[in-house]
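Reviewing the structure listed below.
Every chain is numbered from 1, with letters handed out A, B, ... down the list of sequences.
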Amino acid sequence: MISFQAVSKLYGDTAAVRDVSFEVPTGELCVLLGPSGCGKTTLMRMVNRLVPKTSGRILVDGEDVDALDPVALRRRIGYVIQQIGLFPNMTVEENIRVVPDLLGWSAARGRQRARELMDLLALDPGLLARYPAELSGGQQQRVGVARALAADPPILLMDEPFGAVDPVNRAAIQEEFLALQKRLRKTVIFVSHDIDEALLLGSRIAVMRAGELVQCDTPDALLARPADAFVSSFVGEDRVLRHLRLLTVADVLVAEPAADAAASLRPDAPVREAAALMEQAGRTDLVVVSSDGRAAGRLRLESVREGAEGTVRDHMEALGPAVSPEDDLRHAASSMLAGGLDAVPCIDRNGRLAGYVTPRGIAGALKRRAGRRMPLAAE
Amino acid sequence: MRAAALNGRLAGPALLAGLIGLAVAAALAVRPAWIGELATYGPDLRALTAGHLLLVGISAGLAIATGLPLGILLSRPGAARLAEPVMQVLNVGATVPTLAVLALSMSVLGIGLLPALLTLWLATLLPIVRNTYAGLRGVPAPLLDAADGMGMTAAGRLRRVELPNAAPVIFAGLRTAVTVNIGAAPLASLIGAGGFGDLIFAGIQLYDPVMMLAGALATAALALATDGFLAALQRASTPRGLRLRGA
């Protein structure tokens, strides 16, 4: 755990960081987010004492960093910077082995570890003997992350580590890093000015402005309840759309029409009853459910409206667009708009109808989150 | 930019060699008889070589032994305030003609080897200190930040990151220094310190162009040979990863 307690940094009379207090629990990735010059990098660099603080305390796993030897402290904290800073005079392997060598690991153990890391970051082990100048930007960035992970430090400090990579590669490396972090569960402080990156990677986000911490919250809470106008404008006017990506279909499912009406939607039910149900529920499109609960097909109101006869099965069509409970809401909203539907059915892994995503359901979920005033720890 | 500076320095000696070669070829074409005459200076040159090499070896060796540490020291963050004034003093010092420095040191130390060594040492010191300092200061800041952030000590950072990455610039300074040194060494003859200068200045005084040419050609050949040797050493000492970047 990293704990900031009333940390300030003054340059002359100007405060680069002013009285910041918050905690990053073990295994979480906390994004320091803010415009350039807001003090986020300075705050991060005070953790490994590259920048001396003016006042306050920083505890790493309960130990005051000021009580530790800075060199020893830095060797147990991984460090990645935007410019990557690979040493051009060393091969990839030598770069990765810098900290293990400093810690006095045996050559065999260092070599073994370098190979493991290439594997972990999906890099060709043949690159170990190459020099940084021979690698692409994306490869260099991955080697930069591998180098920071070399001695398996419990803590990582990352200063806009993917900022210098082109957008296509950046998205890929962000996803890879997210998957890696889910496995490794490092305690990470990640500096970024990109709200999308913060929402994707952060398990919590600390928004800074002019040296002060404005809000530290989960991505969900940050989008739902921005603390003030600054946070609100920084997360963007389209924050609702961003929020959709953080919520899953399972969060907003509605069982409409009510479950007891489902009998009218069995394949063997008279189609007249089904049509009446659709009229009553105000829906133009419903999923036909067989007796074992599986989705059998769909029934469209326009094809059964005027005096249709027979059973539902006679008028049923193949199942149209559907989503699964794990999908994010942006995906669901997109299928809804693309299909011209007023609701998208959600079919679970077993092929059963789990409910519908409706515009009202989405709006309700967003509203519930915005209104909730739970302490962070309870989330 | 670094590559361009390096190429500039490489072009210098090559251009000089070309010009000297052209001038000598022209002179010999006009006076073919000089060729045979030149050959008669063989024994003199052999006798003077040891003295010239002694002058060059000791003064350049001392300049490297003092210039490198001074350049390193000035590039340390603790010496940041001192560095610019010291570099300014060295720059101004470099504008004083070597002949004047020679006269000054003679007035203090008398004639002979010692004042000559002092003069050549001073003339050689500046390019070494300046390039060592500039090379180390020119190591990109992110490399230093990464080295510090990973927990290198100051000495470890200097040895593993700064010196290897500054090596091409430092070596360019060494080459300039040694070439300047060999070229200035004949002046030492004026205060009785020996070397190829004995032939050159005797040639001037006796109005014997061939004698002068013999001393001058030997000096130029030594300068070019030494520079070639240092160039090979520079290539060998430049980390492979840096050569890739330069290419």
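Other residues, nucleotides and ligands contribute only 12 or fewer heavy atoms inside 6.0 Å of the CZ atom of B:Arg137.
Considering only heavy-atom pairs separated by less than 4.5 Å from chain B, the leading option among A:Ile81, A:Val99, A:Asn48, A:Leu86 is A:Ile81.
With a 4.5 Å cut-off on non-hydrogen atoms, B:Ala141 does not touch chain A at all. Only the side chain of B:Pro239 comes within less than 4.5 Å of a heavy atom of chain A; its backbone N, CA, C and O stay farther away. With a 4.5 angstrom heavy-atom cutoff, A:Arg45 touches chain B only via side-chain atoms. Contacts of A:Glu134 with chain B are made by side-chain atoms alone, with heavy-atom separations under 4.5 Å and no backbone atom involved.
Closest non-hydrogen pair, B:Ala146 versus A:Gly85, comes out as CB-O, 3.6 Å. The minimum heavy-atom distance between A:Phe87 and B:Leu143, with the atom names listed, is CE2-O, 3.3 Å. The minimum heavy-atom distance linking B:Met152 with A:Val71 is given by the pair O-CG2, 4.4 Å. Here the shortest heavy-atom pairing between B:Gly151 and A:Arg75 reads O-NE, 2.7 Å. Between A:Pro88 and B:Asn165 the shortest heavy-atom distance is CG-OD1, 3.0 Å.
Looking at A:Asn89, its side chain never comes within 3.5 Å of a backbone N or O of B:Glu162 through a donor-acceptor pair.
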(request) Could you check A:Tyr131 against B:Leu242 for side-chain contact (heavy atoms from CB on, under 4.5 Å), going step by step and ending with a plain yes or no? (result) CA-CA 9 Å; A:Tyr131 285 89; B:Leu242 292 183; over 6 Å; no
Problem set entry | Check against side chain to side chain donor-acceptor pair (under 3.5 Å), B:Asp148 and A:Tyr79 | CA-CA 10 Å; B:Asp148 287 338; A:Tyr79 187 57; over 6 Å; no
Would B:Arg160 and A:Val98 satisfy side-chain contact (heavy atoms from CB on, under 4.5 Å), going step by step from the backbone distance to the final call?
-> CA-CA 10 Å; B:Arg160 299 188 62 184; A:Val98 165; 4.2 Å; yes
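Inspection of non-hydrogen atoms places A:Arg147 of residues 144-169 of chain A under 4.5 Å from chain B. For residues 27-41 of chain A, a heavy-atom distance under 4.5 Å to chain B picks out no residue at all.
Summarising the geometry, atom CE belonging to B:Met150 is positioned 7.0 Å from atom CG belonging to A:Asn95; distances are rounded to the nearest 0.5 Å.
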